[in-house]
Amino acid sequence: MPLQLKKELNEKQYQAAVQLEGPLLVIAGAGSGKTRMITFRIAYMLEMGIHQSNILALTFTNKAALEMSERVKEITGQKLSNLTVSTFHAFGVKVLRKTIDKLGYKDTFSIYDQTDKISAIKNAAREMGIHPESLDTFELANLFSGIKMGRIKWNDGNRQFKELYNSYMEHLFLYNAVDFDDLINLPIKIFKEFPDILKAYQQQFKYIMVDEFQDTSSRQYEFIKMLGTRYRNLCVVGDDDQSIYSWRGANYQNIVNFELDFPELVEIKLEQNYRSTKNILAAANKLISHNKNRKEKELWTGVEHGRSIEIFYPENETREAEFITEMIQTLTLKEGVKYHDFGILVRTNSLSAMIENALLSDNIPYKVSGGKSFFQRKEIKDIVAYMRILENPDDDVNLLRILNTPRRGIGNATLKKIRELADRQDYSLYSAMVALKWAADSPVTQKAKASIDDFIDLIEYFREKIAEGQQLVPAIKNLIERIDYWGYLLLEHQKNDKVAKWKYKNVGIFMDIFERWEKNPDNKGKGLINFLNKITLITRDEESDDEKGKLNLMTIHASKGLEFEIVFLAGVENNIIPHARSIEENPDNIEEERRLFYVAITRAKKKLFMTSCRTRKIGHEIVDTGPSPFLEEIPKELIEFHVPETSVDQEEAEDYFARIKSSFK
DNA sequence: CGTCTCCAGGTTTTT
DNA sequence: CCTGGAGACG
């Protein structure tokens, strides 16, 4: 059945969807049906006979990529296994897998997340004779990222770390590993040094689309510019008001750069909001108009006025959490609101702990997106490290993780000797160990040497199994048994074998995921390395089917692109939003903090509750807090202010909830 | 020399 | 609550 574009889209959306040739800039306000436009645009391309392999759609999160490709499949009813809808980073991995050998890496390279990166920095420091404890490695990781992505320049304040930075980079190369930044940077490097490769990619991806364009970094922009500059069919979609990732290098000035680089572009603004009530939208519009640095636009909606935004002032964070859950119970019981229609948004991950407690004790099913992903749990990282080493034994960071896990008698003294040898010969640790195995005279004790030999035999045995192209899952299961990981967990958690059981169960779940992946015929890239690359890029958990029907608790950052019938925004306090550290860093960040607040407000469809505690426990202290200054930027008549509770009077509280119940519709 | 146990710290937002 | 590091013990 042909697409009914005119019926499915409004005038502006339609214009954007059918404008396939030439550069296109779409400024898409919050809730303006951006994803809808993009998915129909892709469907339209396919209908016009453009081959799926010629289309590239880039997003920032795995979630967005997944949603987009599912929706295109739904609309077209096709399988579309050659359509590339991917995150920037995943696309970078794809390019590198094919081309990284040009830079002297092997295609079995490891990808380092933040934790691995910090370990690598520590290794580099140790080798230079610097005590890693004397360094703020977390800060250094950020500095190195800034340097690498061209966002920070060497200056008198940071030049002292230049040598360490160079050493870090050399180590990555020695380990045959790349960090997240490299996933963008190295493809650019390859494109520059090997024009033929660039040309082939340009030739393939004649139509390129970029979602959340305001979140692209300068390097990411450079990347897509290189790809798109030949055919110039580059469509970028973004909203400068929702740029909230500048700390990670996002540069919404890229919108301006795009206008300069592609002067022939067509610009389309989507300003009709389909999501929120007039009240909520008016508040959001007014708030964001305080930002100086923005493209002029005014969202409007045909939706009804709706109810006021309400703000409450609980005494402390415990009361805040109780208030939120009580209100949710009331609304579900009396109004029939479903749990999945609620979103509770917070500025920082740590704020969610108290709310989680309250949800748990009220038996409200919820899911948190944020915090650590399943794949970053220690027990999973251990198993993954073994798998990494099978593919890439030079990966020192992962080798160190498993060298003595489970304990096999290779302690610090032995490790030091291995390190000395490795440094001297410019070997990876694994190569040094192999050399030790065959050396005539050994600097390590007899016992340690036996352990090293056993370890190498173990790895080599399983490397062969993997290389033989056998089923991977049974091989890894066999490996887990062989190292007696279960015994290790029991030993580690003697006092509490429930924890050991729980962790081992996680390992089982992980193997199930692995098995499902291996058996899925749609996965073209077989082999351990493809699985590893895929899961390393999942830094947050994706929604699974059993998560449906649950309430949503998340950071504001994680909420971008989502919407909820009813939103609770907790911790609407000064120093939380705007966040003290952010302002401290640079007072100009106030605009980004305001955008963050704007994103939070515009998630709400029908109703927005805000809470601002009067006191809050920070560390071990209870401090007085003040309401967020942003509240004053919203017209008073749009908000219903609730006088601070004077006492914890049960009767009063019940009376209050009765009132809310009767007034909410 | 390796392992176990106890202690301190927790980093805004994330690919 | 969990992780990583230091210092005591075997």
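Atom set for the values below is all heavy atoms of this structure, side chains included, hydrogens, waters and symmetry mates excluded. The sequence lines fix the lettering, A, B, ..., with proteins before strands; numbering per chain opens at 1.
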Which atoms form the tightest heavy-atom contact between [X] and [Y], and what is the distance?
X        : Y        : answer
A:Arg219 : A:Ile188 : O-CD1, 3.3 Å
A:Ile224 : A:Leu234 : O-CD2, 4.1 Å
A:Gly238 : A:Gln214 : CA-OE1, 3.1 Å
A:Gln242 : A:Arg595 : N-CD, 4.3 Å

Nearest-neighbour nucleotide for the [X] side chain, [options] considered:
X        : options               : result
A:Thr87  : B:dC1, B:dT12, B:dT15 : B:dT15
A:His89  : B:dT13, B:dT15, C:dT3 : B:dT15
A:Leu491 : B:dT12, B:dC4, C:dG4  : B:dC4
A:Ala448 : B:dT14, C:dG4, B:dG2  : B:dG2

Practice task
Go through the steps to decide whether A:Ser86 and A:Thr84 satisfy the test side-chain hydrogen bond (donor to acceptor under 3.5 Å, both in side chains), and finish with yes or no.
Solution key: CA-CA 6 Å; A:Ser86 145; A:Thr84 312; over 6 Å; no
Practice task
Could you go through the side-chain hydrogen bond (donor to acceptor under 3.5 Å, both in side chains) check for A:Tyr112 and A:Asp395 one step at a time?
Solution key: CA-CA 10 Å; A:Tyr112 283 180; A:Asp395 178 344; 2.3 Å; yes
Problem - Residues within residues 405-414 of chain A bordering DNA chain B, heavy-atom distance below 4.0 Å - result: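 Nucleic-acid contacts, sorted: A:Arg407, A:Gly409, A:Gly411, A:Asn412, A:Ala413, A:Thr414.
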Length of the [atom1]-[atom2] vector between [X] and [N], whole Å:
X        : N      : atom1 : atom2 : value
A:His493 : B:dC4  : NE2   : C1'   : 14 Å
A:Leu490 : B:dC4  : CG    : C1'   : 16 Å
A:Gln114 : C:dT3  : CD    : C1'   : 16 Å
A:Lys117 : B:dT15 : NZ    : P     : 14 Å
A:Ile535 : B:dT15 : CD1   : C1'   : 15 Å
A:Asn586 : B:dT12 : CG    : P     : 16 Å
A:Phe375 : B:dT14 : CZ    : C1'   : 17 Å
A:Gln214 : B:dT13 : CD    : P     : 20 Å

Exercise for the section: Using both pair distances under 3.5 Å as the test, note the stems of at least 3 consecutive Watson-Crick or G-U pairs that include DNA chain B. Expected result: B:1-10 with C:1-10
Problem - A:Arg248 (side chain) and B:dT13 (base): donor-acceptor pair under 3.5 Å - result: no
Practice task
Decide yes or no, distance alone: a donor-acceptor N/O pair under 3.5 angstrom between the base of B:dT12 and the side-chain of A:His579.
Solution key: no
For [X], answer base if it contacts any base atom (sugar-phosphate contacts may also be present), sugar-phosphate if it contacts only those atoms, and nothing otherwise; contact means non-hydrogen atoms under 4.0 Å.
X        : answer
A:Phe180 : base
A:Lys122 : sugar-phosphate
A:Thr348 : sugar-phosphate
A:Glu585 : base
A:Asn404 : sugar-phosphate

Practice task
Using only side-chain N and O atoms of A:Ser350, determine if any of them is under 4.0 Å from OP1 or OP2 of B:dG10.
Solution key: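 Checking A:Ser350 against B:dG10: no side-chain N or O falls below 4.0 Å of OP1 or OP2.
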Handout entry: Phosphate OP1/OP2 of B:dC1: any A:Lys417 side-chain N/O under 4.0 Å
Key =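 True: A:Lys417 side-chain N/O within range (under 4.0 Å) of B:dC1 OP1/OP2.
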Handout entry: Residue whose nearest DNA chain B nucleotide is more 5′ - A:Leu596 or A:Thr445
Key = A:Thr445
Completion exercise
Taking for A:Arg581 and for A:Glu492 the nucleotide of DNA chain B with the nearest heavy atom, the one nearer the 5' end belongs to A:Glu492
Exercise for the section: Evaluate whether the aromatic ring of A:Trp247 and the six-membered ring of the B:dT13 base sit under 5.5 Å apart, centre to centre, with an inclination under 30°. Expected result: yes
Exercise for the section: Using the aromatic ring of A:Phe138 (for Trp, its six-membered ring), decide whether it stacks on the base of B:dT11 within the limits of 5.5 Å and 30°. Expected result: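 Ring-base stacking flag set for A:Phe138 and B:dT11.
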Handout entry: Plane angle bin for A:Trp486 and A:Tyr504 - parallel if under 30°, tilted between 30 and 60°, otherwise perpendicular
Key = tilted
Exercise for the section: Over 60° means perpendicular and under 30° means parallel, so classify the ring planes of A:Phe531 and A:Trp517, tilted if in between. Expected result: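 Tilted: the ring planes of A:Trp517 and A:Phe531 meet at 30° to 60°.
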Practice task
State whether A:Glu127 and A:Arg419 are salt-bridged, where the test is any N-O pair (Lys NZ or Arg NE/NH1/NH2 against Asp/Glu carboxylate O) under 4.0 Å.
Solution key: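 Result for this pair is no, no salt bridge flagged.
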Practice task
May I ask you to say whether A:Lys505 pairs ionically with A:Glu379, meaning some side-chain N is under 4.0 Å from a carboxylate O?
Solution key: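 Not counted as a salt bridge, because no side-chain N and carboxylate O are separated by less than 4.0 Å.
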Handout entry: Pair A:Asp239-A:Tyr598, side-chain donor/acceptor within less than 3.5 Å
Key = no
Practice task
Pick the C1' atom in C:dG4 and in B:dT12, then give their distance to the nearest Å.
Solution key: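 To the nearest whole Å, 22 Å.
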